[in-house]
Amino acid sequence: MEGTRSFRRVAALVLAVLVLGCTSNRRTTTERTEFENSSARRLEAARQGLDSLAQELRIRSDTARVDLRQELDSLSVARDVAARKLDTLKTAESQRWQEIKGEMSGLLSAIETRTDSLRARMHR
C-alpha cells in the first residue's frame, strides 16, 4: 500500500514537471514566432516605404537629389542587413536568439527612424 502511494506521488510530480516544462516551451515558442512575424512585417513596411521614397526621388531634379539618393541607398543596405539578421534569428538556438532579438529590434528602429527622417527631408 505504501509503495503504491509513493509511486503515485512520484508519478504526479513527474507529470507536473512535464506540464510546466511544456507550458514554458510553448510560451517561448509563441514569443519567438510573434517577434519573428512582427519583424517580418516591419521589414516589409520598410521595403514599401523605401520603394515609395525611391519613386519620389526619381521625379525630383534638384541638387539635393544626390544626397537623398545616397541616404536611400544606405537605408536599402541597412534593410538588407536586417533581412539577413531575421533569417539568422529564425534558425538561432535559444540563447543566441535572445541576443539577436535585441540587435534586430535596434536595427528595425534605426531603419524606421532614418526612413522617417529622409521622408521629412524630401518633403521640405
Side-chain angles (χ1 to χ4, degrees):
M1 186 87 148
E2 184 63 35
T4 304
R5 284 186 188 163
S6 237
F7 176 75
R8 285 184 181 165
R9 286 183 187 152
V10 170
L13 181 60
V14 168
L15 181 61
V17 168
L18 286 174
V19 167
L20 288 175
C22 290
T23 302
S24 175
N25 254 354
R26 195 173 323 122
R27 184 177 59 243
T28 301
T29 301
T30 301
E31 174 192 1
R32 205 175 154 145
T33 302
E34 287 174 0
F35 182 81
E36 289 168 0
N37 289 341
S38 171
S39 295
R41 284 190 301 274
R42 288 173 73 185
L43 274 173
E44 178 58 23
R47 186 194 60 76
Q48 290 175 358
L50 294 176
D51 288 350
S52 171
L53 290 174
Q55 181 62 30
E56 288 181 43
L57 196 54
R58 280 187 212 103
I59 296 169
R60 291 183 72 135
S61 61
D62 58 11
T63 55
R65 182 175 180 218
V66 173
D67 292 336
L68 296 172
R69 182 76 214 168
Q70 288 173 340
E71 178 65 17
L72 182 61
D73 290 344
S74 173
L75 277 166
S76 293
V77 169
R79 190 229 166 260
D80 292 343
V81 167
R84 286 191 300 278
K85 182 73 71 177
L86 179 58
D87 290 340
T88 302
L89 182 78
K90 289 179 179 179
T91 60
E93 294 297 324
S94 181
Q95 179 68 22
R96 182 71 179 126
W97 186 88
Q98 288 295 333
E99 295 169 11
I100 297 172
K101 176 185 174 191
E103 294 171 18
M104 188 73 196
S105 291
L107 283 171
L108 290 172
S109 293
I111 290 168
E112 291 164 347
T113 300
R114 289 176 59 202
T115 301
D116 291 343
S117 174
L118 180 59
R119 183 174 285 114
R121 284 177 44 208
M122 287 179 68
H123 293 141
R124 284 185 195 160

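The figures here come from the full heavy-atom set of this structure, side chains too, leaving out hydrogens, waters and symmetry mates. As the structure is a computational prediction, the values presented were derived from the model and not from experiment. For this chain, numbers begin at 1 and follow the sequence in order.
- Summarising the geometry of A54 relative to L72, their closest heavy-atom pair is CA-CD2, 3.4 Å, with the distance given to 0.1 Å.
- Separating the CD atom in E112 from the CG atom in L107 is a distance of 11.0 Å, to the nearest 0.5 Å.
- Side-chain atoms of S52 never come within 3.5 Å of backbone atoms of Q48 as a donor-acceptor pair (strictly under, hydrogens ignored).
- The CG atom of N37 sits 12.0 Å away from the CZ atom of R32 when rounded to the nearest 0.5 Å.
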*Candidate pair D67 and Q70, rule side-chain contact (heavy atoms from CB on, under 4.5 Å), full reasoning*: CA-CA 5 Å; D67 292 336; Q70 288 173 340; 3.9 Å; yes

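- In terms of heavy-atom proximity, L68 sits nearest to M122 at CD1-CG, 3.7 Å.
- Remark: D73 engages R69 in a salt bridge, criterion side-chain N to carboxylate O under 4.0 Å.
- A distance of 12.0 Å separates CD in E103 from CD in Q98, rounded to the nearest 0.5 Å.
- Once rounded to the nearest 0.5 Å, the distance linking CG of L53 with CZ of R58 reads 11.0 Å.
- Atoms CD1 and OG1, on I100 and T91 in that order, are 7.0 Å from each other to the nearest 0.5 Å.
- Side chain of S117 to backbone of T113: no donor-acceptor contact under 3.5 angstrom is found.
- Between R96 and E99 there is a salt bridge, since a side-chain N of the basic residue sits under 4.0 Å from a carboxylate O of the acidic one.
- Comment: D116 engages R119 in a salt bridge, judged by a side-chain N to carboxylate O separation of less than 4.0 angstrom.
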_Run E44 and R47 through salt bridge (Lys or Arg N to Asp or Glu O under 4.0 Å) and show every step you take._
CA-CA 5 Å; E44 178 58 23; R47 186 194 60 76; 2.4 Å; yes

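- E36 and W97 share a side-chain donor-acceptor pair at under 3.5 Å.
- At distances below 3.5 Å, not a single donor-acceptor pair connects side-chain atoms of S38 with backbone N or O atoms of E34.
- Checked by atom type, the side-chain pair R114/S74 shows a donor-acceptor distance below 3.5 Å.
- Proximity of M104 to L43: side-chain heavy atoms (C-beta onward) are separated by under 4.5 Å at one or more points.
- Between L118 atom CG and H123 atom NE2 the span is 9.0 Å, to the nearest 0.5 Å.
- When all heavy atoms are compared, the tightest approach of I111 to A82 is CD1-CB, 3.9 Å.
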